[in-house]
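Below is one structure; the comments refer to it alone.
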Amino acid sequence: MRQALSPDDVKRIARLARIETSDAEAQATQAQLNTIFDLIATMQAVDTRGIAPMAHAQEVYQRLRDDAVTETDRHAAFQAIAPAVENGLYLVPKVIE
Amino acid sequence: MKWETVIGLEVHTQLATKSKIFSGSSTAFGAAPNTQASAVDIALPGVLPVLNKGAVECAIKFGLAIGANLNRINVFDRKNYFYPDLPKGYQISQLAKPIVEGGALKIVVDGAEKTVNLTRAHMEEDAGKSLHEDFHGMTGIDLNRAGTPLLEIVSEPEMRSSAEAVAYARALHTLVTWIGICDGNMQEGSFRVDANVSVRPVGQKEFGTRREIKNLNSFKFLQQAIDYEVRWQIETLEDGGRIEQATVLFDPDTGETRMMRSKEDAHDYRYFPDPDLLPVKLDEPWIEAVRAALPELPAAMQARFQNDYGVSVYDAAVLTGSRALADYFEAAAQACGQGKLAANWVMGELSAALNKAELDIAQSPVSATQLGTLIARIQDGTLSGKLAKQVFEGLWEGAGEVDAIIEARGLKQMSDSGELEKIVDEVLAANPKSVEEFRAGKEKAFNALVGQVMKASRGKANPAQVNELLKSKLQ
């Protein structure tokens with residue numbers, strides 16, 4: 001049924017999450033993740049035929065707020081803790097796609 | 001080989017709400033950087049999104065306007081990607097259960113109607129803006145736009161030419177501004193189009209491999225980008241090449257598309273339901289209240305204009321290009337009781353004058369009632385078409401009302417047949433050569449005589465009357 005995660009899978013997942021992993025860490029993580037997959041496998045053994053999938057654990061619905069502007073300009077406070085700021089812009093390492 | 005083009009469009013419309021989709025920040029365009037970015041928008045730890053009722057209502061309006069299925073329960077998902085214009089590390093969007101599914105839009109191309117089916121429309125948040133000018137080798141981030149509500153509207157791949165794609169985009173633009181859910185400002189990015197384009201040999205059932213042209217912000221660019229892309233794909237295939245699935249950008253300066261990323265670099269978004277947001281429930285009283293408040297829609301108005309005013313399919317489509325234009329036409333048509341004539345004047349003389357002055361219909365110096373009165377004066381024989389144009393110029397310059405201008409400028413069509421007869425006699429006496437030529441069978445000579453009479457009357461003679469009178473005199 002279930003296929004165990006390979007070290008390559010672990011490396012790929014880490015890359016997607018932008019987490020740098022050494023081979024030793026990848027191995028340790030692989031074992032931990034496989035334990036989680038065992039738990040999932042146990043849950044998947046439950047017969048859920050005829051039960052509609054749920055998007056949330058509770059059967060309650062989103063509360064909505066009225067369309068009104070309630071926030072004020074607080075960029076000075078927010079930018080006081082930013083590593084680099086110029087002309088009101090947050091500066092980040094160059095990103096070119 | 002004969003090729004067929006296949007196009008599907010994804011359109012991002014910014015919803016015309018006052019505040020953002022998940023926070024109470026203002027969505028107004030053009031504010032100083034980051035002055036409209038709250039703790040939620042810049043993703044400080046511990047903040048939670050709270051959904052804007054106004055944004056949901058816009059989506060309901062749209063769904064009703066295109067006859068779509070509204071998912072009574074719809075769900076927000078996280079679309080994961082790392083890019084500093086969305087500091088959360090994900091965009092809140094809707095994947096499996098969007099608010100709107102299905103629906104259709106009618107377009108008119110070359111006078112023929114066609115229906116384009118829609119796949120879906122879902123709510124999501126816009127990203128901020130990255131400024132790549134040099135900030136000491138760094139990128140500047142403005143998060144004012146982050147969290148602005150978007151409705152992403154996805155069509156089926158049912159368009160077969162750039163002209164159809166443009167007609168669809170225009171019809172969609174008309175509709176979203178008509179029902180007031182989007183300001184339609186393309187320069188400011190309120191209406192952005194992605195085009196999925198592929199080609200296949202005529203008769204082949206399977207679609208070819210598509211390439212997606214991103215972020216087109218004018219109808220002209222949409223047309224140019226698709227035309228270039230189609231030519232490029234056909235040439236590549238005819239040269240024995242293959243099309244690789246890719247995302248491309250259109251460069252307006254060169255008129256070409258170029259690759260942004262290939263399929264191998266495609267993102268793995270790992271969508272999953274957002275645990276911070278509960279499913280959204282639309283109840284029937286809300287939907288019915290929104291339905292009741294919808295204005296008459298362009299498609300219904302087009303049918304009514306054809307029925308009530310006898311205008312063509314094409315004219316009806318042009319006249320419903322915007323709500324302001326449609327209202328103007330209808331007021332003018334009702335003022336004169338001449339639908340077809342009103343359509344000709346609105347789409348002809350008036351549109352030309354507005355274009356020349358770079359004015360919108362709402363800014364027209366000539367009101368619909370004035371234009372209607374002018375047309376009524378043509379209909380009752382007071383004015384010829386030519387004289388009416390002079391009166392129109394007077395109206396445009398603000399010289400007063402129709403009848404006052406006719407009176408003041410002496411533009412009344414000659415109604416006294418005795419006066420006209422005198423002019424005809426004079427013209428015949430002064431042009432014996434033309435008379436002779438006409439009698440010898442030269443039809444052209446007759447037109448020359450009509451021209452002379454019109455000239456002598458300073459344009460005020462009724463052309464039909466002149467024709468009749470000349471004919472009887474020459475027999």
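Throughout, a chain's letter reflects where its sequence line sits, starting with A, and its residues are numbered from 1.
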What one should report as the nearest heavy-atom pair of Gly88(A) and Asn34(B) is O-ND2, 2.6 Å
Which heavy-atom pair separates Gly137(B) from Lys94(A) by the least distance, and what is that distance?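 Heavy atoms of Gly137(B) and Lys94(A) come nearest at O-CB, 3.4 Å.
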Quiz item: Can you tell me if Glu86(A) and His136(B) form a side-chain donor-acceptor pair at under 3.5 Å?
Solution: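 The criterion, which ignores hydrogens and geometry beyond distance, is satisfied for His136(B) and Glu86(A).
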Worksheet item: Counting heavy-atom pairs under 4.5 Å to chain B, which of Gln62(A), His56(A), Glu71(A) comes out on top?
Response: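 Most pairs with chain B among the choices: Gln62(A).
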From the list Thr70(A), Val92(A), Asp73(A), the residue making the most non-hydrogen contacts under 4.5 Å with chain B is Val92(A)
Is [X] in contact with chain A via its backbone, its side chain, both, or neither, using a 4.5 Å heavy-atom distance?
X         : value
Phe22(B)  : backbone
Ile21(B)  : backbone
Val50(B)  : both
Ala39(B)  : both
Pro279(B) : both
Lys129(B) : neither
Pro273(B) : side chain
Ala37(B)  : backbone
Leu51(B)  : both

*asked:* Could you walk me through whether Ser19(B) and Asp67(A) satisfy the side-chain hydrogen bond (donor to acceptor under 3.5 Å, both in side chains) test, starting with their C-alpha distance in whole Å, then the side-chain angles of each, then the deciding distance to 0.1 Å, before giving a yes or no?
replied: CA-CA 6 Å; Ser19(B) 65; Asp67(A) 178 27; 2.7 Å; yes
[X] side, atom [atom1]; [Y] side, atom [atom2] - distance, nearest 0.5 Å:
X        : Y         : atom1 : atom2 : answer
Tyr61(A) : Asp283(B) : OH    : CG    : 11.5 Å
Leu16(A) : Phe82(B)  : CG    : CZ    : 8.5 Å
Ile13(A) : Arg270(B) : CD1   : CZ    : 9.5 Å
Leu64(A) : Glu57(B)  : CG    : CD    : 10.0 Å
Arg74(A) : Ser38(B)  : CZ    : OG    : 8.5 Å
Leu89(A) : Met138(B) : CG    : CE    : 12.0 Å

For atom CZ of Arg210(B), is the number of surrounding heavy atoms from other residues, nucleotides or ligands below 6.0 Å larger than 12?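 No - once you tally the heavy atoms of other residues, nucleotides and ligands closer than 6.0 Å, there are 12 at most.
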Practice problem: For Glu284(B), look at atom CD and say whether over 12 heavy atoms of other residues, nucleotides or ligands are found less than 6.0 Å away. | Solution: yes
Scored by heavy-atom pairs under 4.5 Å with chain A, the best of Pro33(B), Gly89(B), Ala28(B), Ser130(B) is Pro33(B)
Between Lys20(B) and Val69(A), is the side-chain contact (heavy atoms from CB on, under 4.5 Å) condition met? List the steps. CA-CA 8 Å; Lys20(B) 293 190 178 176; Val69(A) 176; over 6 Å; no
Quick one: what part of Arg15(A) sits under 4.5 Å from any heavy atom of chain B, side chain, backbone, both or neither?
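Neither part, no heavy atoms under 4.5 Å.
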Bottom line for Glu59(A): the part with an atom under 4.5 Å from chain B's heavy atoms is neither
Heavy-atom check, side chain of Asn52(B) versus side chain of Arg65(A), under 4.5 Å = yes
